[in-house]
Every structure is written in C-alpha cells, then in structure tokens.
Protein chains: 2
Amino acid sequence: MKVDNIQSLKNILSENGYKITKAREDTFSVLLSPEPQSMAALIDKAHDKVDRVTMYRNIDLFEKLGIVNRIYVGWKYKLELSDSFMEHHHHLSCLSCGKVIDIEDEQHINEFIKSVTDKFNFTPRHHQFEIDGFCNVCSESKKS
Amino acid sequence: MKVDNIQSLKNILSENGYKITKAREDTFSVLLSPEPQSMAALIDKAHDKVDRVTMYRNIDLFEKLGIVNRIYVGWKYKLELSDSFMEHHHHLSCLSCGKVIDIEDEQHINEFIKSVTDKFNFTPRHHQFEIDGFCNVCSESKKS
DNA sequence: ATCTAAATGCAACAAAGTTGCAATAACTAA
DNA sequence: TTAGTTATTGCAACTTTGTTGCATTTAGAT
Ligand SMILES: [Mn+2]
Ligand SMILES: [Mn+2]
Ligand SMILES: [Zn+2]
Ligand SMILES: [Zn+2]
C-alpha cells in the first residue's frame with residue numbers, strides 16, 4: 001500500500017488500532033520530501049509542533065507500520081517515506097571526501113533482488129546496496 | 001594487503017608513518033573475532049587496557065588505513081577486520097522476527113560491483129547489500 | 001641519551017536516544 | 001453530546017555514544 005498523503009496515513013493508523021493525532025500528522029508532514037532526511041533534521045523541522053521524544057516514538061511506529069524506511073548514507077542513517085521503495089538506495093560512498101554517487105542501474109539490481117528473494121520465499125520491503133571506497137579524485141591523489 | 005595479526009598491523013602502521021603503541025596493539029587484539037562487534041563491546045573488552053577515547057581514535061585510524069570495516073546489522077553498526085572483505089555482507093533481514101539469511105551469490109554481486117565501479121573509476125574497499133522484508137515464515141503468518 | 005612530535009588519558013562537553021510519569025487528547029459507547 | 005477509558009503527549013531526568021582541549025607520556029629519530 002502506498003502511503004504518500006495524510007489520508008493514507010490516517011487509514012493505516014486506524015486499520016492498525018492507533019489513534020490519529022496532531023503530532024502524528026505533523027511527524028508525517030515533515031517526512032514529505034524528495035530526499036531522505038536525518039533524524040536531527042526532522043526534529044528540527046517539527047520542533048515547534050512536536051516534542052523530540054514524540055518524534056522518536058512516532059518515527060519508530062511509522063517504521064513498524066512500514067510507512068518509513070531507514071537507510072544508511074555515509075555511516076549515518078536517514079529516514080524517508082517507504083513509498084519511495086527501491087529508489088535511491090544504491091550508492092558509491094567515498095571514504096575520503098564523503099562524496100556519494102548514485103547508481104542508476106535499477107534494473108540489474110531489481111532482477112537480482114527478485115531472483116534471491118524468490119529463492120527464499122522472502123517478501124522484500126526495502127533494500128540498500130552501498131559500496132564504500134575511493135572516488136576517482138581521491139584514488140588519484142592517493143597515488144602521489 | 002591482509003591484516004590479520006599483530007605483525008601485519010605493525011607493518012601497516014610504520015609504512016604509513018604512525019607509531020606502534022601498546023594501545024594500538026590492544027585495540028587490534030580485541031578486534032580479532034569471527035564476528036563483527038559493536039563499538040560498545042570493543043570498548044568493554046579493552047576497558048582496563050585502553051581508554052574509551054583512545055579506542056575511538058584508534059578505530060577511526062584503522063578505518064582510514066583499511067584495517068577495519070564498519071557494517072550495519074539491524075540498524076546498528078559493527079566493526080570487523082577488513083581482512084574479511086567481501087564476505088558475509090549480503091543478507092536478507094526479516095523485519096518481523098529478525099532472522100538474517102546470508103546470500104551466497106558472491107559472483108553475481110562481484111560482477112555487478114566491478115561494472116559499476118569501473119564506470120565511475122571508483123576504487124571499492126567494502127560493500128554491503130541488505131534486503132529488508134519478511135521471511136517465508138513471517139510472510140505466511142501475515143496472510144491470516 | 002636526548003629531543004620532538006605523536007599518542008594517550010582524563011575531564012568536560014555535546015549529541016543522540018530512552019524512561020517514568022503526570023497532564024492531555026482521541027476514540028468508545030452510553 | 002457527554003462522560004469514561006486508554007493511548008498519546010510533553011517534560012524532566014537520565015543513559016549512551018561520540019567529541020574536544022589539554023597536560024602528560026611515550027615512540028622513534030638523531
Ligand atoms: Mn533501488
Ligand atoms: Mn560480499
Ligand atoms: Zn573522494
Ligand atoms: Zn521472519
């Protein structure tokens with residue numbers, strides 16, 4: 001199920017026996033962004049609407065309900081609506097300068113995911129493929 | 001280069017202009033384990049030999065030198081000697097029961113890594129591929 | 001043996017995440 | 001619509017994790 005607007009949030013919450021609250025709507029609304037965001041950023045965005053502790057609790061709940069995913073970028077996690085499943089989670093990450101390069105080859109990866117999940121009767125919800133190393137610039141400067 | 005004993009540690013340190021110290025040897029020795037370990041576990045293991053702060057500093061250094069890798073398991077990072085490069089870092093992870101299934105298909109993945117890193121002139125040091133979702137057992141019980 | 005820079009330990013701090021609890025707000029059912 | 005019940009919230013206090021500054025120590029060079 002796609003959860004990309006307040007109404008679908010409300011549906012999921014009631015279907016699962018959770019209350020629809022102002023804090024949960026506000027938590028959800030700061031998640032609406034094309035980019036994954038750090039917990040600190042979310043807390044900051046919502047700080048005059050929702051308490052820090054409540055943010056943690058509601059993000060936890062949203063994760064349990066499959067509304068948000070946690071991904072790792074450069075050794076820090078970020079959060080995003082899981083509606084963006086299978087997008088933007090393959091990167092090359094430079095250990096030296098921190099640059100992150102997105103891998104575009106979705107199809108190749110999706111085929112691989114299908115083959116391996118089928119084999120184990122596993123139902124995928126989210127995935128991440130990160131390759132750490134050194135970008136062209138940093139590899140070059142290391143040779144000197 | 002393989003770094004799996006104290007002597008190879010000493011070599012790497014001096015080759016890179018770092019001093020060989022008791023604290024670094026002790027830090028290294030607690031890393032010797034078949035399983036990746038949390039930072040807390042490492043600090044605890046070494047707590048009467050090496051100060052917490054020094055552990056952080058030396059682990060950072062070891063990462064920079066490629067002696068240790070950081071991997072994510074269930075939303076927490078763990079550390080391991082990078083000697084185990086390209087092993088055990090592809091899993092299916094069940095969001096419901098926590099089961100972790102190792103993916104064996106190294107070859108397919110290694111080919112993919114080569115193709116994408118070549119494209120960007122990226123020098124890979126480590127990678128991780130995690131697929132989150134629901135295992136066969138948990139997928140089944142959800143249908144009821 | 002002496003010198004010097006690098007490395008360590010300690011104390012203090014900052015950031016991230018958790019817990020207990022009293023006050024409040026959402027649903028339930030009269 | 002109101003009153004009752006329970007989940008949810010905010011706040012304060014706390015724990016855990018990671019960082020910084022600095023005086024002291026130690027490795028390695030001469
Ligand atoms: Mn993807
Ligand atoms: Mn591998
Ligand atoms: Zn780089
Ligand atoms: Zn499971």
Side-chain angles (χ1 to χ4, degrees), chain A residues 6-7 9-31 36-65 67-79 95 98, chain B residues 6-31 36-65 67-80:
Chain A
I6 295 275
Q7 188 51 53
L9 171 72
K10 292 182 180 175
N11 292 340
I12 293 244
L13 287 174
S14 22
E15 280 165 20
N16 290 275
Y18 294 98
K19 292 182 177 173
I20 295 163
T21 67
K22 186 72 174 29
R24 282 175 182 155
E25 292 179 38
D26 289 335
T27 301
F28 182 82
S29 73
V30 296
L31 283 164
Q37 300 169 85
S38 68
M39 194 65 198
L42 294 174
I43 288 171
D44 188 59
K45 268 200 191 179
H47 83 279
D48 54 358
K49 306 217 168 208
V50 186
D51 186 83
R52 233 168 57 83
V53 178
T54 302
M55 287 295 285
Y56 279 108
R57 294 197 268 229
N58 285 342
I59 292 291
D60 280 354
L61 175 63
F62 289 1
E63 285 185 308
K64 259 204 321 224
L65 295 176
I67 295 169
V68 309
N69 290 330
R70 189 183 293 225
I71 62 165
Y72 286 96
V73 184
W75 299 346
K76 291 265 146 85
Y77 75 82
K78 300 202 168 186
L79 300 154
L95 294 166
Chain B
I6 296 274
Q7 188 50 54
S8 56
L9 170 73
K10 291 182 180 174
N11 293 340
I12 293 245
L13 288 176
S14 19
E15 280 165 20
N16 290 276
Y18 293 99
K19 293 183 176 172
I20 295 164
T21 66
K22 186 73 175 29
R24 282 175 182 156
E25 292 179 37
D26 289 335
T27 302
F28 183 81
S29 74
V30 297
L31 282 165
Q37 299 169 86
S38 68
M39 192 66 198
L42 294 173
I43 288 170
D44 188 59
K45 268 199 189 179
H47 83 280
D48 53 357
K49 307 219 166 205
V50 187
D51 187 81
R52 233 167 57 81
V53 177
T54 302
M55 287 295 287
Y56 279 107
R57 294 197 267 228
N58 285 341
I59 292 290
D60 280 354
L61 175 63
F62 289 1
E63 286 185 306
K64 257 203 324 223
L65 294 175
I67 295 169
V68 309
N69 289 329
R70 190 183 291 224
I71 62 166
Y72 286 97
V73 184
W75 300 347
K76 292 265 147 84
Y77 75 81
K78 300 203 166 184
L79 300 154
E80 59 168 13

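Nothing here was measured: the structure is a model prediction, and the numbers come from that model. So you know, we letter chains A, B, ... as the sequences are listed, proteins then strands, and number each from 1.
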Judged by atom type as modelled, is there a donor-acceptor pair below 3.5 Å linking the side chain of B:Glu63 to the main-chain atoms of B:Leu79?
-> no

Check: B:Arg70 side chain, B:Tyr77 main-chain N or O, donor-acceptor pair, under 3.5 Å | no

Atom CD1 in B:Ile71, atom OH in A:Tyr72: separation rounded to 0.5 Å?
-> 11.5 Å

Spacing of CG belonging to A:Asn58 relative to OG1 belonging to A:Thr21, to within rounding of 0.5 Å = 6.0 Å

Residues that [X] engages under side-chain contact (heavy atoms from CB on, under 4.5 Å), provided they are two or more places apart:
{"X": "B:Leu65", "result": "B:Ile12, B:Leu13, B:Asn16, B:Tyr18, B:Leu61, B:Ile67"}
{"X": "A:Ser38", "result": "A:Ala40, A:Ala41"}
{"X": "A:Lys10", "result": "A:Ile6, A:Gln7, A:Ile20, A:Glu25"}

Within this structure, what is the [atom1]-to-[atom2] distance between [X] and [N], rounded to whole angstrom?
{"X": "B:Asp26", "N": "C:dT8", "atom1": "CG", "atom2": "C1'", "result": "12 Å"}
{"X": "B:Ile59", "N": "C:dA7", "atom1": "CD1", "atom2": "P", "result": "15 Å"}
{"X": "B:Asn16", "N": "C:dA6", "atom1": "CG", "atom2": "P", "result": "15 Å"}

Apply side chain to side chain donor-acceptor pair (under 3.5 Å) to A:Lys78 and list each qualifying residue two or more places apart in sequence or on a separate chain.
-> none

Residues which pass side chain to side chain donor-acceptor pair (under 3.5 Å) with A:Lys22, listed by chain and number, not counting sequence neighbours | A:Asp26

Locate the shortest heavy-atom distance separating B:Leu9 from B:Arg24; write the atom from each residue and the value.
-> CD2-O, 3.8 Å

Considering only nitrogen or oxygen atoms on both sides, find all protein atoms under 3.5 Å from nucleotides 26-30 of chain C and state each distance.
unit_1 : atom_1 : unit_2  : atom_2 : d
C:dA26 : N3     : A:Lys19 : NZ     : 3.2
C:dC27 : OP1    : A:Ile20 : N      : 2.6

First encountered from the 5' end of DNA chain D, between B:Ala40 and A:Asn58 | A:Asn58

DNA chain D nearest-nucleotide lookup for A:Leu61 and B:Met39: closer to the 5′ end is A:Leu61

Can you list, by residue number, the residues of residues 44-57 of chain A that have a non-hydrogen atom closer than 4.0 angstrom to DNA chain C?
-> A:Arg52, A:Val53, A:Tyr56, A:Arg57

Sequence neighbours excluded, which residues qualify as salt bridge (Lys or Arg N to Asp or Glu O under 4.0 Å) partners of A:Arg57?
-> none

Chain B on DNA chain D: first and last contacting nucleotide, 5' to 3', under 4.0 Å to a heavy atom?
-> D:dT17 to D:dG28

Going through the checks in order, is the side-chain contact (heavy atoms from CB on, under 4.5 Å) test met by B:Val68 and B:Glu80?
-> CA-CA 5 Å; B:Val68 309; B:Glu80 59 168 13; over 6 Å; no

Please table the atom pairs, donor to acceptor, closer than 3.5 Å between any side-chain atom in residues 46-56 of chain B and protein atoms at least two apart or in another chain.
unit_1  : atom_1 : unit_2  : atom_2 : d
B:His47 : ND1    : B:Asp44 : O      : 2.9
B:Asp51 : OD2    : B:Val53 : N      : 2.9

Relative orientation of the end axes in the helix from C:dA1-D:dT30 to C:dA30-D:dT1, expressed as an angle to the nearest 10° (five pairs per end) = 30°

